[in-house]
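Down below is the structure, laid out as structure tokens.
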Amino acid sequence: MGIAAGPDGAMWFTERVASRIASVGTGRCRSVTARVTGRTEVGSTLRCALANNSGWTIAATSQVWLRNGAVIPRANGRTYVVKGQDAGKNLTCQATVTFSPALNQMGAQSKTRPIGHR
């Protein structure tokens with residue numbers, strides 16, 4: 001039997017004997033969510049705000065920023081300063097959370113935020 005945290009916030013598991021896959025939800029909402037906060041203008045600082053709705057203890061987090069769906073090189077912190085090349089594009093943050101003590105991981109992606117032209 002294998003168990004993994006799914007992107008929907010549920011714990012998914014396999015049962016070898018019966019060849020089944022099933023899930024157990026949290027009953028609350030998505031366990032981990034991410035959203036971009038801040039002004040969407042060139043020169044402004046955006047933040048990847050992470051919410052842990054699971055009640056589980058977080059051991060570590062990581063973030064990555066995307067421009068029009070592609071990873072922005074070296075943009076892997078909780079904050080991102082909007083650059084000139086972001087104008088007219090959409091920015092998104094992805095967050096990954098590692099829970100303790102089991103070290104299960106879950107990820108979340110924010111809604112896209114359009115960046116205005118200069």
Side-chain angles (χ1 to χ4, degrees):
M1 179 158 100
I3 300 174
D8 60 353
M11 296 301 292
W12 286 84
F13 60 92
T14 60
E15 190 177 346
R16 288 186 187 172
V17 175
S19 297
R20 293 186 290 195
I21 298 174
S23 68
V24 177
T26 62
R28 299 182 215 186
C29 59
R30 293 181 62 90
S31 294
V32 176
T33 58
R35 77 184 163 97
V36 175
T37 62
R39 293 173 30 158
T40 55
E41 302 171 352
V42 173
S44 295
T45 299
L46 298 177
R47 179 174 171 78
C48 186
L50 176 69
N52 174 16
N53 303 312
S54 70
W56 301 322
T57 302
I58 293 177
T61 63
S62 63
Q63 293 81 18
V64 65
W65 290 86
L66 298 95
R67 181 186 304 118
N68 285 350
V71 173
I72 302 171
R74 295 175 300 287
N76 55 4
R78 289 185 183 179
T79 61
Y80 176 75
V81 177
V82 181
K83 313 278 189 285
Q85 64 259 39
D86 298 323
K89 307 281 185 354
N90 292 308
L91 293 182
T92 308
C93 74
Q94 285 182 339
T96 301
V97 177
T98 303
F99 294 104
S100 172
L103 300 180
N104 287 333
Q105 289 189 326
M106 279 191 185
Q109 183 169 311
S110 72
K111 292 181 181 178
T112 59
R113 294 286 305 271
I115 305 301
H117 291 281
R118 288 194 224 185

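Model, not experiment: these values are computed from the prediction. These numbers come from the heavy atoms of this one structure, side chains and all, not from hydrogens, waters or symmetry mates.
How far CD of Gln63 is from CZ of Arg47: 8.5 Å, rounded to the nearest 0.5 Å. To the nearest 0.5 angstrom, Ser62 atom OG is 9.5 Å from Leu50 atom CG. In this structure, CG on Leu66 lies 9.0 Å from CG on Leu91, to the nearest 0.5 angstrom. Separating the CH2 atom in Trp65 from the SG atom in Cys48 is a distance of 5.0 Å, to the nearest 0.5 Å. Interatomic distance, CD1 of Ile72 versus NZ of Lys89, reported as 10.0 Å (0.5 Å rounding). We find the CG-NZ distance between Asn90 and Lys111 to be 13.5 Å, quoted to the nearest 0.5 Å.
Put simply, the side chain of Thr61 does not reach to within 4.5 Å of the side chain of Thr96, judged on heavy atoms. Val97 places none of its side-chain heavy atoms less than 4.5 Å from the side chain of Trp56.
A donor-acceptor contact shorter than 3.5 Å links the side chain of Arg113 to the backbone of Val36.
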message = What verdict does the side chain to side chain donor-acceptor pair (under 3.5 Å) test give for Arg67 and Thr92, after you've listed the backbone C-alpha separation in whole Å, the side-chain angles of each residue and the deciding distance to 0.1 Å?
response = CA-CA 7 Å; Arg67 181 186 304 118; Thr92 308; over 6 Å; no
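The cluster map of Ile, Leu, Val, Met, Phe, Trp and Tyr, joined by side-chain heavy atoms under 4.5 Å apart, puts Ile58 and Val32 in the same cluster.
Checked by atom type, the side-chain pair Arg39/Thr45 shows no donor-acceptor distance below 3.5 Å.
Between Ile115 and Leu46, the shortest heavy-atom distance links the atoms CD1-CD1, 4.3 Å. Contact between Ala87 and Val42 at its shortest, heavy atoms only, is CB-CG2, 4.2 Å.
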